[in-house]
Amino acid sequence: QVQLVESGGGLVQAGGSLRLSCAASERTFSTYTMGWFRQAPGKEREFVAAIRWSGVSTYYADSVKVRFTISRDNAKNTVYLQMNNLKPEDTGVYYCAADTDRTIHSFMYYTRTNEYDYWGQGTQVTVSS
């Protein structure tokens, strides 16, 4: 059982930055594709970004492209989400997730919540206007 623990959320003004971290409990983390999702009140959980095990391939939702950067440090079993130029519509609970399937898939695959095997408990991000 893989445990994922997010941190780094908080309250920030529009235009500000936050860096989220997600620490994994397993050393096999380095073989997983990792994703970040978010969920605003009353809305479905939506894809934000994903990164394959090597860190070479990354994927982003159009709404965060250019502003957000996903990265990973396999030596530390940690994946990061650097969020710049935050907007009020970025508000929500941010979750990291792990996909243990090492097969290379399409972009759409990585946007689907049901393709991920493990989830963290989430961290709240609130962007004030």
Side-chain angles (χ1 to χ4, degrees):
Q1 184 77 10
V2 177
Q3 292 186 334
L4 303 174
V5 180
E6 302 97 334
S7 61
L11 173 64
V12 63
Q13 288 187 331
S17 298
L18 283 173
R19 187 195 197 202
L20 305 184
S21 299
C22 172
S25 62
E26 297 287 328
R27 279 192 285 181
T28 48
F29 163 88
S30 63
T31 67
Y32 301 157
T33 292
M34 299 299 296
W36 283 99
F37 290 75
R38 66 188 181 190
Q39 189 165 19
K43 295 188 176 181
E44 291 187 354
R45 194 168 298 188
E46 65 174 3
F47 170 76
V48 175
I51 185 167
R52 295 205 67 244
W53 65 274
S54 66
V56 172
S57 299
T58 56
Y59 311 88
Y60 295 94
D62 286 343
S63 59
V64 306
K65 206 171 290 186
V66 177
R67 299 187 298 122
F68 290 11
T69 302
I70 189 170
S71 61
R72 67 190 298 159
D73 185 340
N74 287 341
K76 295 182 178 180
N77 290 356
T78 303
V79 62
Y80 305 97
L81 186 68
Q82 177 67 44
M83 306 186 294
N84 298 328
N85 190 20
L86 282 160
K87 304 176 180 180
E89 52 264 42
D90 294 319
T91 295
V93 178
Y94 282 68
Y95 299 90
C96 73
D99 173 22
T100 60
D101 183 354
R102 295 193 62 179
T103 306
I104 299 175
H105 292 287
S106 67
F107 167 77
M108 288 306 299
Y109 171 95
Y110 296 114
T111 69
R112 295 193 289 261
T113 58
N114 61 349
E115 303 297 354
Y116 291 81
D117 304 294
Y118 300 101
W119 291 84
Q121 82 290 346
T123 185
Q124 176 70 44
V125 172
T126 303
V127 185
S128 63
S129 57

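Side chains are part of it too, since the values below use all heavy atoms of this structure and drop only hydrogens, waters and symmetry mates.
There is no side-chain donor-acceptor pair under 3.5 Å between Y32 and R52. Counted by atom type alone, Y109 and D99 present one or more donor-acceptor pairs between their side chains at under 3.5 Å. In the model, D117 has a side-chain atom that pairs as donor or acceptor with a side-chain atom of T100 under 3.5 Å. Judged by distance alone, the side chains of E115 and T113 never bring a donor and an acceptor atom under 3.5 Å apart.
Tracing side-chain contacts under 4.5 Å through hydrophobic residues (I, L, V, M, F, W, Y), one reaches V93 starting from W119; they form part of the same cluster. At a threshold of 4.5 Å between side-chain heavy atoms, the hydrophobic network of Ile, Leu, Val, Met, Phe, Trp and Tyr places Y59 and M108 in one connected group. A continuous path of ILVMFWY side-chain contacts below 4.5 Å connects V64 to M83, so both sit in one hydrophobic cluster.
Taking the six-membered ring wherever Trp is involved, the centroid distance between the rings of F29 and W53 does not fall below 6.0 Å.
With a 4.5 Å cut-off on side-chain heavy atoms, W36 and I51 do not count as touching. Put simply, the side chain of F37 reaches to within 4.5 Å of the side chain of Y116, judged on heavy atoms. Considering only heavy atoms from C-beta on, M34 comes within 4.5 Å of L4 through its side chain. Taking 4.5 Å as the limit, every side-chain heavy atom of T33 sits out of range of all side-chain heavy atoms of H105. Looking at heavy atoms from C-beta onward, F47 lies out of side-chain contact with R38 at the 4.5 angstrom threshold.
With values rounded to the nearest 0.5 angstrom, L81 atom CG is found 8.5 Å from S71 atom OG. From C22, atom SG reaches atom CG of N77 across 10.0 Å, with rounding to the nearest 0.5 Å.
Residue Q3 places its CD atom among 12 or fewer non-hydrogen atoms of other residues, nucleotides or ligands, all under 6.0 Å distant.
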**OP:** Begin from the C-alpha positions of L18 and V125 and carry the test side chain to side chain contact (heavy atoms under 4.5 Å, CB included) through to its verdict.
**Re:** CA-CA 9 Å; L18 283 173; V125 172; 3.9 Å; yes
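By the ring-ring contact (aromatic ring centres under 6.0 Å, His included) test, Y95 pairs with no residue at all, sequence neighbours left out. Scanning for side-chain contact (heavy atoms from CB on, under 4.5 Å) contacts around A40 gives K43, with sequence neighbours left out.
Between D90 and K87 there is no salt bridge, since no side-chain nitrogen of the basic residue lies less than 4.0 Å from a carboxylate oxygen of the acidic one.
The aromatic rings of F68 and Y94 sit tilted relative to each other, their planes meeting at an angle between 30° and 60°.
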